[in-house]
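Report on one structure; see the data block that follows.
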Number of protein chains: 2
Amino acid sequence: MDARTLCLGALELGDASGYEIKKLYEEGDLSHFYAVGFGSIYPALTRLVQEGLAECHEQPQDKRPDKKIYRITPKGRSELIRSLAVQPGPDKIRSELCFLLLFANLLPAAQIEKLIDDRIAWYREQMAEIDACEAEHPDAEASARFLGGLGHAIYKAAADYMAAHKSEIIAAAQAPMPGAARAAE
Amino acid sequence: MDARTLCLGALELGDASGYEIKKLYEEGDLSHFYAVGFGSIYPALTRLVQEGLAECHEQPQDKRPDKKIYRITPKGRSELIRSLAVQPGPDKIRSELCFLLLFANLLPAAQIEKLIDDRIAWYREQMAEIDACEAEHPDAEASARFLGGLGHAIYKAAADYMAAHKSEIIAAAQAPMPGAARAAE
DNA sequence: GGTTGCATGTAAATGGTTACATGATTGT
DNA sequence: ACAATCATGTAACCATTTACATGCAACC
């Protein structure tokens, strides 16, 4: 998903500065499905203004650089709706851990076990974050709640699967040497 | 995940040509977690040979361009293990559909419903593919089976969640006009 | 005194996607 | 006839990531 559309969508949700858009995609339910960095956001915002899809209101602040609040224009909203009309591509799961796990046989079982345990803990953290987010915003829009629930369900499935099948992958990893004596045989 | 490491990993799994590596990441259990295109594979393979991490054996074929079979070298295997040692980054879910759903209120309910139904069907297709893959290779390595199972669990969670909560997001979308008369009111 | 948060931006480097170029075979 | 499969590769294009540049305030 390109930064331009991501910014346009963020502005449709409410007026914001570049800094705030970053936070939007870093915290909250949206963070689980997308990401953007400053290096993409600021140029994208400049371009949106040039194209007339957003307008910028500078808000002077003391002891801080001016805050630039962007607002979507009617033209911007049409453009967003147009880009929403195109058939969305398939969902993608990208996991470096899964790549690593594919070569479990090359790695010591202890390392694999730690990696799995850490990842299960991470999944549970993400779930807790989503729960916290929902508790914080009980009046959130239905669509935001739907996304949060979907993220939660996916993380839960991954955590549960890993917990249930952990032993299988550990059995595939390099067995630890039961003792130095054995290693020297 | 960069193409170079993806290729190195593929070769660790067995000797292959560029074309075969593409297939490996396009079909089978691995396809759900990564992707690579020819434009990345061929330059990556050339580089691996230059770096001494793989070697290439040309296999002439009649009526076809020569097939170039690549094999990982011991140096390549060490390099792979080294790259496996670095702490894997967090898992990422990327979904254009979820971005769209965030703006369900801007779109007609019928469109949202179709999108959801299509996606549920797609998830179920992916699950069936994984099942078929497992039925085809009953003697697959434990790590490959683990990944297939994980993919299956994630797709199932997403499909089930969407089926169960479909009505909520449809309620948030633009209600269809019950009749032309109403629209003209 | 060091880190985090607020706040914006540019430029280089990196690297992937897409399009192009070639061409025979097999299946519909 | 037309599409798909097999088979490799280059080059332009596009975009993100990363590093750099600046600077104050608040907290530990």
Side-chain angles (χ1 to χ4, degrees), chain A residues 1-11 15-28 31 33-51 54-70 83 86 89-90 92 94 96 99, chain B residues 1-11 15-28 31 33-51 54-70 83 86 89-90 92 94 96 99:
Chain A
M1 191 108 275
D2 61 299
R4 185 170 154 273
T5 310
L6 249 20
C7 288
L8 201 55
L11 296 180
D15 297 357
S17 66
Y19 194 85
E20 287 163 347
I21 291 174
K22 175 96 192 289
K23 273 203 304 184
L24 183 73
Y25 285 111
E26 224 167 40
E27 307 165 4
S31 64
F33 300 99
Y34 331 95
V36 252
F38 286 128
S40 311
I41 290 174
Y42 289 120
L45 249 16
T46 306
R47 213 182 121 199
L48 286 176
V49 172
Q50 281 168 1
E51 294 174 314
E55 39 184 43
C56 175
H57 303 272
E58 261 176 80
Q59 194 177 293
Q61 295 187 123
D62 37 82
K63 318 287 180 86
R64 289 261 162 70
D66 292 2
K67 200 183 212 179
K68 293 187 174 179
I69 305 289
Y70 293 86
S83 68
V86 311
K92 286 166 193 149
R94 288 295 112 101
E96 286 185 18
F99 180 77
Chain B
M1 189 108 276
D2 61 299
R4 185 170 153 272
T5 311
L6 248 21
C7 287
L8 201 54
L11 296 180
D15 297 356
S17 65
Y19 193 85
E20 287 163 348
I21 291 174
K22 176 96 191 292
K23 275 203 305 183
L24 183 72
Y25 285 110
E26 225 167 41
E27 306 165 5
S31 64
F33 300 99
Y34 331 95
V36 252
F38 286 128
S40 312
I41 291 174
Y42 290 120
L45 249 15
T46 306
R47 214 181 120 199
L48 286 175
V49 172
Q50 280 167 1
E51 294 173 315
E55 41 185 42
C56 176
H57 303 272
E58 262 176 80
Q59 193 178 295
Q61 295 188 124
D62 37 82
K63 317 286 181 89
R64 289 260 162 72
D66 292 1
K67 200 182 212 177
K68 292 188 172 176
I69 303 290
Y70 293 85
S83 67
V86 311
K92 285 166 194 150
R94 287 297 112 100
E96 286 183 19
F99 179 77

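Heavy-atom basis, side chains included; hydrogens, waters and symmetry copies ignored. Reminder, nothing fancy here: chain letters follow the sequence lines and each chain counts from 1. Just so we're clear, the structure is a prediction, and the values are computed from it rather than from any experiment.
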Separation of B:K22 atom NZ from D:dT8 atom P, in whole Å?
-> 12 Å
Helical bend (five base pairs per end, nearest 10°) for the helix from C:dG1-D:dC28 to C:dT28-D:dA1 = 50°
Over how many whole Å does the gap from A:K23 atom NZ to C:dG5 atom P extend?
-> 10 Å
Round to a whole Å and report the spacing from CD of B:E27 to P of D:dA4.
-> 15 Å
All side-chain hydrogen bond (donor to acceptor under 3.5 Å, both in side chains) counterparts of A:D66, not counting sequence neighbours | none
Which atom pairs link the protein and nucleotides 10-15 of chain C when you take only N or O atoms and keep those under 3.5 Å?
none

Tell me, please, which residues at least two apart from B:E26 pass side-chain hydrogen bond (donor to acceptor under 3.5 Å, both in side chains).
-> B:K22
Can you name the residues that form a salt bridge (Lys or Arg N to Asp or Glu O under 4.0 Å) with A:D15, not counting sequence neighbours?
-> A:R71
Which of these nucleotides, C:dC6, C:dG9, D:dT17, is closest to any side-chain atom of A:Y19?
-> C:dC6
With B:T5 via side-chain hydrogen bond (donor to acceptor under 3.5 Å, both in side chains) - residues at least two apart | B:D2
To the nearest angstrom, the OH-C1' distance between B:Y25 and C:dT17 comes to 18 Å
Who passes ring pair (Phe, Tyr, Trp, His ring centres under 6.0 Å) against B:F99, sequence neighbours left out?
-> A:Y34, B:F103
Rounded to whole angstrom units, what separation is found between the CD1 atom of B:I41 and the P atom of C:dT17?
-> 10 Å
Residues 34-46 of chain B vs salt bridge (Lys or Arg N to Asp or Glu O under 4.0 Å), sequence neighbours excluded, gives none
Residues that A:E51 engages under salt bridge (Lys or Arg N to Asp or Glu O under 4.0 Å), provided they are two or more places apart | A:R4, A:R47
Can you tell me how far CD of B:Q59 sits from CD1 of B:I69, rounded to the nearest 0.5 angstrom?
-> 5.0 Å
Among the nucleotides C:dG9, D:dC6, C:dG5, which one has an atom lying closest to any side-chain atom of A:Y70?
-> C:dG9
Protein-nucleotide distance (B:K68, atom NZ; D:dT10, atom P), rounded to Å = 8 Å
Is the closest side-chain heavy-atom distance between B:Y70 and B:C56 below 4.5 Å?
-> yes
Give the rounded distance in Å between these two atoms: CG of B:D66 and P of D:dC6.
-> 18 Å
Interatomic distance where CD belongs to B:Q59 and P belongs to D:dA7 [whole Å] = 9 Å
